[in-house]
*Asks:* 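The structure that follows is given in the form of structure tokens.
Position 1 is the first residue of the sequence, and the numbers go up from there.
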Amino acid sequence: MKHLCWFKVILSVFLLFVILQSNAQDPKRFQKAVEELVKKEYNFSPDKEVVVFAGSSSIRMWKDVQAAYPEYNVINNGFGGSHFSDLIHYYRELIAIRRPDILFIYEGDNDIFSGKNPKKVADEARQLINKVHQDFPETKIVLISAKPSLARWKLKKEYQQLNRYLEKLAKKREGLEYADVWKAMVDERGDVYTDIFVDDNLHLNEKGYEIWEEVIGKFLK
């Protein structure tokens with residue numbers, strides 16, 4: 001009977017290890033993409049504030065984000081497939097060296113899809129915010145909510161839970177705000193619009209980014 005108990009303990013530990021490993025990803029697989037972002041040169045106006053957009057593919061694929069906010073020096077440092085943990089890993093390259101006056105962060109979409117617990121994701125968001133405000137206490141940080149999508153609609157509850165954590169975090173912190181793109185992307189019944197995505201039903205088309213532009217523009221006035 002003792003042997004059976006020990007076997008169950010060992011099995012439980014092994015299964016926990018497997019789960020943790022399955023949720024993890026090696027940030028080094030983004031090394032080349034990050035190096036390309038670091039190499040980019042900008043012809044900025046010295047009298048304009050620097051705005052950095054950092055996060056996963058929904059940021060990376062926002063090709064005209066600079067044109068959307070011409071009154072700012074805008075940097076798009078999105079790298080597809082990333083998690084909060086990856087942005088923490090590349091904090092120096094993607095955030096610190098740019099010394100942003102305003103920082104928009106979009107992460108959590110891939111985290112939840114990979115099976116991470118919403119609270120764990122929110123804890124990683126807090127870690128990143130702490131790093132930024134420790135180095136740049138005057139920088140305004142805006143957390144962009146996880147977006148709804150047709151492709152990941154089955155995880156709706158998990159995304160909404162994450163968004164509640166992020167919104168609560170923003171309410172408690174000075175210099176931290178929350179941009180709710182979720183509400184702007186659903187109809188009066190709470191169903192996500194079907195005509196705001198490209199063919200994969202995950203990433204945004206031009207109409208989808210127009211929604212984002214309107215929501216996010218409110219934080220740049």
*Asks:* Sub-3.5 Å donor-acceptor pair from the side chain of N201 to the main-chain atoms of L150, do we have one?
*Replies:* no
*Asks:* For K48, is the NZ atom crowded, meaning more than 12 foreign heavy atoms sit under 6.0 Å from it?
*Replies:* yes
*Asks:* Less than 4.5 Å apart, any side-chain heavy atom of W153 and any of V192?
*Replies:* yes
*Asks:* Could you tell me whether the side chain of I97 reaches within less than 4.5 Å of the side chain of V38, counting heavy atoms only?
*Replies:* yes
*Asks:* Is the backbone of H83 close enough, under 3.5 Å, to the side chain of D111 for a donor and an acceptor to pair up by distance?
*Replies:* no
*Asks:* Considering residues, nucleotides and ligands other than N43, do more than 12 of their heavy atoms fall under 6.0 Å from its CG?
*Replies:* no
*Asks:* Quick one: does N163's side chain have a donor or acceptor within less than 3.5 Å of a partner on A146's backbone?
*Replies:* yes
*Asks:* Mind jotting down which residue pairs meet the ring pair (Phe, Tyr, Trp, His ring centres under 6.0 Å) criterion with at least one end in residues 30-52? Sequence neighbours excluded, please.
*Replies:* F30-F79, Y42-F44
*Asks:* What pairs of residues pass the salt bridge (Lys or Arg N to Asp or Glu O under 4.0 Å) test when at least one of them lies in residues 188-207, not counting sequence neighbours?
*Replies:* D187-R189, R189-D191, D195-K207
*Asks:* Roughly how far, to the nearest 0.5 Å, is the CG atom of L169 from the CZ atom of R173?
*Replies:* 6.0 Å
*Asks:* Heavy atoms, side chains only, cut-off 4.5 Å: are L87 and I95 in contact?
*Replies:* yes
*Asks:* Any side-chain heavy atom of R152 within less than 4.5 Å of one from L202?
*Replies:* yes
*Asks:* Which pairs with one or both residues in residues 105-137 pass ring pair (Phe, Tyr, Trp, His ring centres under 6.0 Å), sequence neighbours excluded?
*Replies:* Y106-W212
*Asks:* Report yes if the side chains of L143 and F104 come closer than 4.5 Å at any heavy-atom pair, otherwise no.
*Replies:* no
*Asks:* Would you please say whether a donor-acceptor pair under 3.5 Å links the side chains of Q31 and Y90?
*Replies:* yes
*Asks:* Where do N73 and E49 land on the side-chain contact (heavy atoms from CB on, under 4.5 Å) test, with the steps shown first?
*Replies:* CA-CA 6 Å; N73 294 321; E49 290 185 308; over 6 Å; no
*Asks:* What's the separation between atom OG in S149 and atom CE in M185, rounded to the nearest 0.5 Å?
*Replies:* 7.5 Å
*Asks:* Quick one: does any side-chain atom of D101 pair with a main-chain N or O of V50 as donor and acceptor, under 3.5 Å?
*Replies:* yes
*Asks:* Which donor-acceptor pairs under 3.5 Å do the side chains of residues 57-65 make with protein atoms, sequence neighbours left out?
*Replies:*
unit_1 : atom_1 : unit_2 : atom_2 : d
S57    : OG     : H203   : NE2    : 2.7
S58    : OG     : K147   : NZ     : 3.1
W62    : NE1    : D64    : OD1    : 3.4

*Asks:* Test K168 against every option in R164, K172, K171 by the side-chain contact (heavy atoms from CB on, under 4.5 Å) rule and name the one that passes.
*Replies:* K172
*Asks:* State whether the side chain of Y72 and the backbone N or O of V52 hold a donor-acceptor pair below 3.5 Å, judged by distance alone.
*Replies:* no
*Asks:* I'd like to check the salt bridge (Lys or Arg N to Asp or Glu O under 4.0 Å) partners of R98; sequence neighbours left out, ordered by chain and number.
*Replies:* none
*Asks:* Looking only at non-hydrogen atoms, find the nearest pair between V121 and G108 and report the distance.
*Replies:* CG1-CA, 4.1 Å
*Asks:* Once rounded to the nearest 0.5 Å, what's the spacing between atom CG of L155 and atom CD of Q161?
*Replies:* 12.0 Å
*Asks:* Indicate the atoms forming the closest heavy-atom contact of A179 with F219, along with that distance.
*Replies:* CB-CE1, 3.5 Å
*Asks:* Using a 4.5 Å cut-off on heavy atoms from C-beta on, say whether the side chain of I105 contacts that of L128.
*Replies:* yes
*Asks:* Under the side-chain contact (heavy atoms from CB on, under 4.5 Å) criterion, do D180 and Y178 qualify, and how do the steps go?
*Replies:* CA-CA 6 Å; D180 192 347; Y178 173 77; 3.7 Å; yes
*Asks:* Tell me the closest heavy-atom pair linking A122 and L166, and the distance in Å.
*Replies:* CA-CD2, 4.5 Å
*Asks:* Measure from the side-chain N and O atoms of T139 to the backbone N and O of I102, and report whether any donor-acceptor pair falls under 3.5 Å.
*Replies:* no
*Asks:* Grab the two heavy atoms, one from P70 and one from A67, that are nearest each other, plus how far apart they are.
*Replies:* CD-O, 3.3 Å
*Asks:* Give a yes or no on this: more than 12 heavy atoms of other residues, nucleotides or ligands lie within 6.0 Å of atom CD of E214.
*Replies:* no
*Asks:* Going by the salt bridge (Lys or Arg N to Asp or Glu O under 4.0 Å) test, which pairs reach into residues 123-134, not counting sequence neighbours?
*Replies:* K116-E124, K119-D123, K120-E124, D123-R126
*Asks:* Is there a side-chain contact between Y159 and P148 (heavy atoms, below 4.5 Å)?
*Replies:* no
*Asks:* Quick one: are L103 and V132 in side-chain contact, heavy atoms under 4.5 Å?
*Replies:* yes
*Asks:* Report yes or no: do Y165 and I88 belong to one cluster of Ile/Leu/Val/Met/Phe/Trp/Tyr joined by side chain heavy-atom distances under 4.5 Å?
*Replies:* no
*Asks:* Would E35 and K32 count as a salt bridge (Lys or Arg N to Asp or Glu O under 4.0 Å) here? Give the steps.
*Replies:* CA-CA 5 Å; E35 287 174 357; K32 185 176 179 181; over 6 Å; no
*Asks:* For G81 and S56, which heavy atoms make the closest approach, and how far apart are they?
*Replies:* N-CB, 4.4 Å
*Asks:* Could you go through I129 and L176, starting from their C-alpha distance and side-chain angles, then the distance that decides it, and tell me whether this counts as side-chain contact (heavy atoms from CB on, under 4.5 Å)?
*Replies:* CA-CA 8 Å; I129 291 160; L176 179 63; 3.7 Å; yes
*Asks:* Under the side chain to side chain donor-acceptor pair (under 3.5 Å) rule, what do E107 and S82 come out as? Steps first, then yes or no, please.
*Replies:* CA-CA 7 Å; E107 292 288 7; S82 61; 2.7 Å; yes
*Asks:* Any carboxylate oxygen within less than 4.0 angstrom of a Lys/Arg side-chain nitrogen, looking at E177 and K140?
*Replies:* yes
